[in-house]
Amino acid sequence: MTPIRTRFAPSPTGFLHLGNVRTALFAWLAARSTGGSFVLRVEDTDQGRYVAESEAAILETLRWLGLEWDEGPEVGGPHAPYIQSLRVDLYRSHAERLVEAGAAYWCTCTPERLAAMREEQQRNHRPPRYDRRCLGRQDEVAAERAAGVPAVLRLRMPEGTTEWDDAVHGPLRYDNGEVDDQVLLKSDGFPTYHLAVVVDDHLMEMTHVIRSDEWIPSTPKHLAVYRALGWEPPRFCHVPQVLDEQRQKLSKRRGARTVLEYAEAGYVPDAVVNAMALLGWSSGTGQEVFGRDELVAAFTLERVQPSPAVFDPQRLDSLNGLHIRRMSTEALMEALEFHLPGVSREARTRLVPLLRERMVTLRDATGLAAPLLGPAAREEGAALPPRRVSAAVAARLLDDAAREVEAGGLDDLEAMRHRLTEGLEAQGVRARDGFRVLYIAILGRPAGLPVFDAMAFIGAEESLRRLRAARAELES
RNA sequence: GCCCCGUUCGUCUAGUGGCCCAGGACACCGCCCUCUCAAGGCGGAGAUCGGCGGUUCGAAUCCGCCACGGGGUACCA
């Protein structure tokens, strides 16, 4: 299969959420799965919307997810710089070529006139497009520009139709008469997306343009630029958007969490990647849980769906648990450092087997392990004795357990548990009911990490202290 | 207003003319396992394949119209 060379080109106007990054993931997968390359490019041509911290956050997000780029900011590459604001001369020189080719023209119409024009077109049920007033008076416009009147450069959209074979949507066709004479160069001298994206994608030798499908309507403009410059266009792949539960495009404004927030909340990169991959793509084999390498092996652009997908947080939870359980003890121990601050590597290693199957997120470790790392606060409503267990049975169990611990029972948890079970059953009490007493005594609540393992973890001394405290509570 | 894209269980999806009175996953419910909680195993409920017409011996799959959802319509990306 031919290597795909593609890019992710975010604009540094905010943080990355699942919707943005899903597109990056598909591009990364397309490149990796074909032995191609993945380029990162920063599209900061809108000075007004630039948010300083967001650029660093974008790089951090991609790195956290493991979507490493072969060329781009901080790693460089043969087509550097990879930041558009540093490439302005390139756009201007190509704009000049477009003017010479008669494919672009200057325009000094005011924003007010443009707005009035569009309003009128809308009133008359006509498609909103620039009316080309300046196209017929280029000499005057040139004089105005010389006199300092602000001007923009517009694409002269050719007649006819534009069609292309989209990798996701199949054949797409537009009547050029519906397409506006797009502004290519703004009056501040910066290019618009429509010029910069074409120049960079060509110069950076992209074979595929993988982007959100909100770009479909402007693709004819881009194709017109390719044609005017005599360039062969890349293959376009317009991937569907990711929607929230209200079926709206995911957006920070509407409360979409950033990827980095998921990281802090205890989600693991592989799970987030897996969950995103399933939004708009499926393997076709029925497999839905993928490790990184499996995903790279299974991915193809052809299997990307054209319809938008609603992000389901519950699915992410499920996958996160699954991926946590797939992690090695060593890896989990390391990953838990953030959520179990101050807990030694040795202690974390002992905790991992107890925690692994009980965590949805890494953050769950904090609450689960709390009774083993400090005093076990009594959970509200956790009565001693619990329902279905008499005070007499509870007292005896606590005494028996204390005796067991004193006799070194923690050295063989299974044997100790067996003896305590027999003691309970001799009194006609089921172990599952009786042991609830131990859970409350040791963990402060009727459920949690396996209680015998918990006792072993906190040690004989602390175990005895808690058993006796519970015993004393029964007396009062 | 104009243009475009899309439409299979609540959600993600399989499905490209007969294998589908539609399969899987998540969530939900039940059972089993079990020191609790989980995890795991098994089972259940859940979709008139957006609607209506058409093509065909036969349509979720092909065509048309409509409806609904989303997007574009900027000197934002």
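Remember, it's a predicted structure, so these values are computed and weren't measured experimentally. Quick note: numbers below take in every heavy atom, side chains included, and nothing from hydrogens, waters or symmetry partners. Convention: sequence-line order gives letters A, B, ...; per-chain numbering from 1.
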Nearest-Å distance once atom [atom1] is located in both [N] and [M]:
{"N": "rA59(B)", "M": "rU16(B)", "atom1": "C1'", "answer": "11 Å"}
{"N": "rC68(B)", "M": "rG30(B)", "atom1": "P", "answer": "40 Å"}
{"N": "rU61(B)", "M": "rG69(B)", "atom1": "P", "answer": "23 Å"}
{"N": "rG15(B)", "M": "rG53(B)", "atom1": "C1'", "answer": "24 Å"}
{"N": "rC29(B)", "M": "rG50(B)", "atom1": "C1'", "answer": "29 Å"}
{"N": "rG51(B)", "M": "rG6(B)", "atom1": "C1'", "answer": "16 Å"}
{"N": "rC63(B)", "M": "rU55(B)", "atom1": "C1'", "answer": "7 Å"}
{"N": "rC49(B)", "M": "rC32(B)", "atom1": "P", "answer": "38 Å"}

Just name whichever nucleotide pairs with [N], Watson-Crick or G-U, keeping both distances under 3.5 Å, else none.
{"N": "rC2(B)", "value": "rG72(B)"}
{"N": "rU36(B)", "value": "none"}
{"N": "rC49(B)", "value": "none"}
{"N": "rC20(B)", "value": "none"}
{"N": "rU11(B)", "value": "rA25(B)"}

Could you tell me the separation between the [atom1] atom of [X] and the [atom2] atom of [N], rounded to a whole number of Å?
{"X": "Asp453(A)", "N": "rC37(B)", "atom1": "CG", "atom2": "C1'", "result": "13 Å"}
{"X": "Leu279(A)", "N": "rA25(B)", "atom1": "CG", "atom2": "C1'", "result": "13 Å"}
{"X": "Glu414(A)", "N": "rC35(B)", "atom1": "CD", "atom2": "C1'", "result": "9 Å"}
{"X": "Arg49(A)", "N": "rC75(B)", "atom1": "CZ", "atom2": "P", "result": "14 Å"}
{"X": "Asp317(A)", "N": "rU11(B)", "atom1": "CG", "atom2": "P", "result": "18 Å"}
{"X": "Asp412(A)", "N": "rC35(B)", "atom1": "CG", "atom2": "C1'", "result": "15 Å"}

salt_bridge([X], [Y]) N-O dist < 4.0 Å:
{"X": "Arg235(A)", "Y": "Asp165(A)", "answer": "yes"}
{"X": "Asp399(A)", "Y": "Arg396(A)", "answer": "no"}
{"X": "Arg417(A)", "Y": "Glu414(A)", "answer": "yes"}

Out of [options], which has the shortest distance to the side chain of [X]?
{"X": "Pro128(A)", "options": "rC2(B), rG15(B), rU13(B)", "value": "rC2(B)"}
{"X": "Val451(A)", "options": "rC35(B), rC75(B), rU36(B)", "value": "rC35(B)"}
{"X": "Asp312(A)", "options": "rC26(B), rG6(B), rG72(B)", "value": "rC26(B)"}

Determine whether a donor-acceptor pair (one donor, one acceptor, N or O, separation below 3.5 Å) exists between the side chain of [X] and the base of [N].
{"X": "Tyr439(A)", "N": "rC35(B)", "value": "yes"}
{"X": "Ser187(A)", "N": "rC75(B)", "value": "yes"}
{"X": "Arg358(A)", "N": "rC37(B)", "value": "yes"}
{"X": "Arg432(A)", "N": "rC35(B)", "value": "no"}

Check your understanding: Within a radius of less than 6.0 Å around CD of Glu159(A), do more than 12 heavy atoms belonging to other residues, nucleotides or ligands occur?
Key ->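 Incorrect, the count does not exceed 12.
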Exercise for review: Verify the neighbour count for atom CZ of Arg173(A): are there more than 12 heavy atoms of other residues, nucleotides or ligands below 6.0 Å?
Suggested key: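 No.
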Exercise for review: Flag the pair Pro73(A) / Val42(A) as yes when at least one side-chain heavy-atom distance between them is below 4.5 Å, and no otherwise.
Suggested key: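 A side-chain contact exists here, since the closest heavy-atom pair is under 4.5 Å.
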Any [X] side-chain nitrogen or oxygen under 4.0 Å from OP1 or OP2 of [N]:
{"X": "His169(A)", "N": "rG6(B)", "result": "yes"}
{"X": "Thr421(A)", "N": "rC35(B)", "result": "no"}
{"X": "Gln182(A)", "N": "rA74(B)", "result": "no"}
{"X": "Arg303(A)", "N": "rG15(B)", "result": "yes"}
{"X": "Ser282(A)", "N": "rA14(B)", "result": "yes"}

Practice item. Between Leu278(A) and Pro150(A), name the one whose nearest nucleotide on RNA chain B is closer to the 5' end. Key: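 Closer to the 5' end of RNA chain B: Leu278(A).
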Exercise for review: Assign each of Ala431(A) and Pro111(A) to its nearest nucleotide of RNA chain B by heavy atoms, then name whichever residue's nucleotide is nearer the 5' end.
Suggested key: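 Its nearest nucleotide being more 5', the pick is Ala431(A).
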Exercise for review: Determine, step by step, whether Phe190(A) and Tyr91(A) satisfy the ring-ring contact (aromatic ring centres under 6.0 Å, His included) criterion, reporting the C-alpha distance in whole Å, the side-chain angles of both residues, the deciding distance to 0.1 Å, and the verdict.
Suggested key: CA-CA 8 Å; Phe190(A) 272 74; Tyr91(A) 310 128; 8.8 Å; no
What class does the angle between the rings of [X] and [Y] fall in, given that below 30° is parallel, 30 to 60° is tilted and above 60° is perpendicular?
{"X": "His194(A)", "Y": "His222(A)", "value": "tilted"}
{"X": "Trp215(A)", "Y": "Tyr193(A)", "value": "parallel"}
{"X": "Phe435(A)", "Y": "Phe452(A)", "value": "perpendicular"}

For [X], which contact category applies under a 4.0 Å heavy-atom criterion: base, sugar-phosphate, or nothing?
{"X": "Gln305(A)", "answer": "sugar-phosphate"}
{"X": "Glu43(A)", "answer": "sugar-phosphate"}
{"X": "Arg315(A)", "answer": "base"}

What N/O pairs connect the protein and nucleotides 40-50 of chain B at under 3.5 Å? Give each pair on its own line.
{"residue": "rG40(B)", "atom": "OP1", "partner": "Arg325(A)", "partner atom": "NH1", "Å": "3.2"}

